[in-house]
Amino acid sequence: LAPAQQTLFLPLACLPQNCTSTMHPQVPDGTRRISEATSDRVSIYGRSLTLLEVAPPPVLEVKKLPVLKAERDAACEKFLQRNPDFVALNYLRESEYSQLDSTVDPETGDSKLQEIYLDYTGAMQGGRSHILQTAQLVTSLALGNPHSSSQTSMKSTGWVHKAEEAVLRHLNTTVDQYQVIWTANASGASRLMAQYYNFGKPLSGGALAICADNHNSVHGIREAALERGADVSYIPVDGKTLHVDATKFDAILSGNFKAGVPYVSARKVRGHKFSHLITGSSAAGGNKLLAYPAQSNVSGVKHSLNWIGKAQAQGWDVFLDAAAFLPSNSLDLSLHQPDFISMSFYKLFGHPTGVGALVVRQDKAHMLLRKEGWFAGGTIAFNTVAGFGADREKAHEMAPGKDRFEEGTVNYSNFIGVKCGLDYLKRINDAGARFRAGLDGQKWEPSPVNDMNTITLRVRQLTNFLLEELNGLMYPSGQKLVQIYGRSLINDTQRGGTIPINVMDDQGDFVPYGLIEEMANRHHISIRTGCFCNPGIHEAYNFLSVAEVGQVMGLMPDHLRQTDSTHTQWELNRQLDNPKKMLGCIRISVGFPTNFNDVYRFMVFMKGLLGVDWKAKVAQFKDRIDGIATRGPSVRASLTQQVACADALIDRGETLRI
């Protein structure tokens, strides 16, 4: 891989099984050089196929570009020597994700910089062949509302079932074990848990144990738990490692809810209403729910899946937020069986947006109760208007099973995209596994399940590079430029492709992350800043106590509580008044479409920050934000237009297609 101009032979996915053409003698079995290809059709073994039939489509040979600078060329060579199997999925960037490398704005026709997209925890990019295949099917099928028995309606119902089967197959389970309740996203799945999970009779020992490292949609379940008379106990995370405090975790699971930080008793909140129901200790009876993420959406920490069985053995139901975990990891439900799982499909393959799911164990479906209150089309089996006056209790009947939770008409045309997307991921993973087996001289056997190991490894390799490079950035004084939160171990199998950081000046004071985002935007670098709907993790790495946060909340003006999250976070940091602490950070996250060029160019940008006069830049930024904040809510885009960029332009160089 090292010599200049060397050809990289890339894997083909989903070739016809009866292909017998002789492979190139220097290429591992399972790969093949493609000599000719067009944007729409490709010839394989004499057969002309559309890209929709070859997914992911094969591409032309890729050569190292001789025009690259020596430093970049050397960095690339070093990276590939360490990670020779990294090239297994390189073909995807040109054939599937060329929107990232385009130098022409498709809306205006103007020239532009290439995109450096590093927000894969926020959303995956859409793959070309997946979107084209979905569009081809949607435009060729006559579909009807699935709440009917017409031919077009039954066709839609069929695709709903195909999508359900694909989801369960991706998780290595079947409809006998789990059911899929469709939602708008993972947050919609959390809302169903909040609305309908049965904590038992109020103040009878029901409890919610919730990891401090959780998305706000999961934190929101605490309000419903308290309203129903269940205690809420938070499992804290260690401020240095950002891993869960194992001692307190074990104590809470064993029934010592007061070990939580914080712990809120339902008896204290609603005792005046439920006091007559109090019998025995708070840990006796009731239903208990443990809610935690398989992977943090901020720190990237992969929390142990072994907690699932451990908690269930002590009488807990487990709600696993898998939204940040599934895009680059396998969740095998034959090995771990959480009772409830939330997921968003745009995080896995970019398109379609607006579709998620709550996956529920069949033997725990009865824990979701929906018998009273508002109902809608699709959620009821029967309703009468006249009968409502005769007998209200019998005037409507909820639909059986999961249908009672799917309000109105489901997003049936987008389920085609879900099915095609999961099949697309399977083909990508099979292609990568086939290539890696060839490098190792092993025979590849297709797996019946979606083995995500190739994607997991690629994401880890990119993360390793970023961690090493970021840790090495220092001012002449020896002060580090970057604070990395949590562990920064290389080859850490307990972290995903997400790195939370903040930039510091040469005195070790934090630079506002909003300023860094504005500077990155000028160079078409997409990163994420803020608190990412996960306040617990930021309070942990700042080592903030309950009392400290309470004090800051008390000092915050009421009008800023009602403005957008950007100014709310800014005001919290101003009230915190500590240059060594920062609520919120910069989140860098990679995905399988990320190539070495992306992370290298990002590091060029970061190195350029070492030469910035932060005193002047930060003062200008603070004046601007304070001036806007005093005028109330604002449009975030207006801030982006007032960019204070770095003095030195970042040289972006030529495209490195790896």
Side-chain angles (χ1 to χ4, degrees), residues 1-11 56 59-103 113-121 124-125 127 300 327-328 428 431-432 435-436 439 454-473 490-491 496-499 520 523-527 588-608 650-658:
L1 300 175
Q5 302 292 334
Q6 180 171 336
T7 298
L8 302 181
F9 292 88
L10 305 178
V59 297
L60 294 169
E61 61 187 50
V62 178
K63 297 179 180 180
K64 289 182 64 178
L65 301 179
V67 296
L68 297 177
K69 292 182 177 181
E71 296 85 357
R72 187 177 304 171
D73 201 18
C76 172
E77 181 176 335
K78 180 180 178 181
F79 180 81
L80 291 177
Q81 286 175 343
R82 286 186 177 184
N83 309 291
D85 51 359
F86 181 80
V87 300
L89 300 181
N90 283 352
Y91 68 106
L92 291 171
R93 183 60 171 253
E94 184 171 347
S95 62
E96 294 291 295
Y97 301 99
S98 59
Q99 68 266 32
L100 295 172
D101 295 321
S102 174
T103 56
L113 297 174
Q114 293 172 312
E115 302 293 339
I116 301 175
Y117 185 77
L118 296 174
D119 188 24
Y120 284 93
T121 299
M124 179 60 65
Q125 290 290 309
S328 57
I428 289 174
F435 180 82
R436 290 168 57 208
L439 285 181
T454 300
I455 289 177
T456 302
L457 180 61
R458 182 181 179 90
V459 166
R460 187 179 303 150
Q461 290 165 345
L462 291 163
T463 304
N464 288 343
F465 174 82
L466 285 170
L467 287 172
E468 282 188 311
E469 293 294 313
L470 289 169
N471 269 319
L473 295 179
I490 304 303
N491 287 322
T498 305
I499 305 174
H523 299 283
H524 282 233
I525 299 174
S526 294
I527 53 178
I588 311 158
S589 56
V590 297
F592 67 83
T594 308
N595 61 18
F596 180 79
N597 197 41
D598 292 332
V599 293
Y600 185 87
R601 285 180 170 178
F602 174 71
M603 289 310 307
V604 172
F605 167 77
M606 292 299 294
K607 290 174 183 177
I650 307 300
D651 177 24
R652 303 179 63 82
E654 298 292 331
T655 300
L656 178 63
R657 293 197 178 280
I658 76 161

S.K.: Minimum heavy-atom separation for Pro593 to Arg93, with atom names?
M.R.: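 What the structure gives for the nearest pair is O-NH1, 2.9 Å.
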S.K.: So Gln461 and Leu457, side chain to side chain contact (heavy atoms under 4.5 Å, CB included) or not? Walk me through it.
M.R.: CA-CA 6 Å; Gln461 290 165 345; Leu457 180 61; 3.5 Å; yes
S.K.: Can you check side chain to side chain contact (heavy atoms under 4.5 Å, CB included) on Ile116 and His523, steps first, answer last?
M.R.: CA-CA 8 Å; Ile116 301 175; His523 299 283; over 6 Å; no
S.K.: If I compare all heavy atoms of Gln114 with all of His524, which pair ends up nearest, and what's the gap?
M.R.: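 So the minimum-distance heavy-atom pair works out to O-CB, 3.5 Å.
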S.K.: Search all heavy atoms of Ala88 against all heavy atoms of Phe435 and return the closest pair with its distance.
M.R.: CB-CD2, 3.3 Å
S.K.: Working to the nearest 0.5 Å, report the span between CD of Glu469 and OH of Tyr600.
M.R.: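 Rounded to the nearest 0.5 Å, the CD-OH separation comes out at 8.5 Å.
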S.K.: Among all residues two or more places apart in sequence or in another chain, which pass the salt bridge (Lys or Arg N to Asp or Glu O under 4.0 Å) test with Glu71?
M.R.: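 With neighbours one apart ignored, the set is empty.
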S.K.: Does a side chain donor of either Asn90 or Asn595 reach within less than 3.5 Å of an acceptor in the other side chain?
M.R.: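 No pair is found: no donor N or O on one side chain lies under 3.5 Å from an acceptor on the other.
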S.K.: Go through the structure and list residues passing side chain to side chain contact (heavy atoms under 4.5 Å, CB included) with Gln125, not counting sequence neighbours.
M.R.: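 So Gln125 forms a side chain to side chain contact (heavy atoms under 4.5 Å, CB included) with Tyr97, Gln99, Leu100, Tyr117, Tyr120.
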S.K.: List the atom of Gly591, the atom of Leu462, and the distance in Å for their closest heavy-atom pair.
M.R.: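 What the structure gives for the nearest pair is O-CD1, 4.0 Å.
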S.K.: Measure the spacing between CD1 of Ile455 and CG of Leu92 and express it to the nearest 0.5 Å.
M.R.: 8.5 Å
S.K.: Enter the distance from Ser328:OG to Arg460:CZ here, rounded to the nearest 0.5 Å.
M.R.: 9.5 Å
S.K.: Give me the atom names and distance for the closest heavy-atom approach of Ala431 to Tyr91.
M.R.: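 Heavy atoms of Ala431 and Tyr91 come nearest at CB-OH, 3.5 Å.
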S.K.: Please answer whether the main-chain N or O of Asn491 pairs with a side-chain N or O of Asn464 as donor and acceptor at a distance below 3.5 Å.
M.R.: yes
S.K.: Under 4.5 Å between any side-chain heavy atoms of Met603 and Phe465, yes or no?
M.R.: yes
S.K.: Would you give the length of the straight line joining atom CG of Asp85 to atom CZ of Arg458, rounded to the nearest 0.5 angstrom?
M.R.: 10.0 Å
S.K.: When rounded to the nearest 0.5 angstrom, what is the spacing between OG in Ser589 and CE in Met124?
M.R.: 9.0 Å
S.K.: Can you check whether Asn597's main-chain N or O pairs, donor with acceptor, with Arg72's side chain at less than 3.5 Å?
M.R.: no
S.K.: Partners of Thr463 by side chain to side chain contact (heavy atoms under 4.5 Å, CB included), sequence neighbours excluded?
M.R.: Val459, Leu467, Arg495, Ile499, Val590
S.K.: How long is the gap from CD1 on Ile525 to CZ on Arg601, to the nearest 0.5 Å?
M.R.: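 These two atoms lie 9.5 Å from each other.
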